[in-house]
Amino acid sequence: VYAAAPGTNPRASDIYMVNAQGASTPRALVRSEFDDRNPVISSDSRYLAFASNRAATGAYNVFVIDLEDGTVWQLTNAEDDHFPGDWWLP
């Protein structure tokens, strides 16, 4: 799982997943006009936490997407930047 931005808009990263052997085409997990980065996948691979500047404050806040149904919810709502880390890991 990684974040990448197009060369035409380096401040608008999306989040992708690719087979660890590199034999597959990357699959977009999170795509938006905002800057989505710092992906952390849950141990059961169902959820993905990530930072995005899509919040009303414009700061990076933590969001989670359910990879089974695509539901996204916001975990933090701060005026300063917050990023997911190893908090997701047991």
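When all heavy atoms of Ser13 and Arg37 are compared, the pair lying nearest together is OG-NH2, 3.8 Å. Scanning both residues, Asp35 and Arg11, for their nearest heavy atoms gives CB-O, 3.1 Å. The two atoms that bring Arg31 and Asp14 nearest to each other are CA-OD1, 3.3 Å, heavy atoms only. The two residues Pro39 and Leu48 have their closest heavy-atom pair at CB-CD1, 3.9 Å. In plain terms, the two heavy atoms of Ser32 and Arg54 that are nearest each other are OG-NH2, 3.4 Å. Taking every heavy atom of both residues into account, Ala59 and Ala78 meet most closely at CB-O, 3.7 Å.
Asn53 has its side chain within reach of Tyr60: a pair of non-hydrogen atoms, C-beta onward, lies under 4.5 Å apart.
Cluster membership check: Phe34 does not share its hydrophobic cluster with Phe50, using side-chain heavy-atom separations under 4.5 Å among Ile, Leu, Val, Met, Phe, Trp and Tyr.
Considering CD1 of Ile41 and CG of Leu29, their distance stands at 7.0 Å, rounded to 0.5 Å.
The side chain to side chain contact (heavy atoms under 4.5 Å, CB included) search around Pro10 returns none, not counting sequence neighbours.
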Tabulate below the donor-acceptor pairs under 3.5 Å that side-chain atoms of residues 62-76 make, not counting sequence neighbours, or state none.
residue : atom : partner : partner atom : Å
Asp66   : OD1  : Arg46   : NE           : 3.2
Asp66   : OD1  : Glu68   : N            : 2.8
Asp66   : OD1  : Asp69   : N            : 3.4
Asp66   : OD2  : Arg46   : NE           : 3.2
Asp66   : OD2  : Arg46   : NH2          : 2.7
Asp69   : OD1  : Thr71   : N            : 2.8
Asp69   : OD1  : Thr71   : OG1          : 2.9
Asp69   : OD2  : Thr71   : OG1          : 3.4
Gln74   : NE2  : Thr76   : O            : 2.7
Gln74   : NE2  : Asn77   : OD1          : 3.4
Thr76   : OG1  : Asn61   : OD1          : 2.8
Thr76   : OG1  : Val62   : N            : 2.8

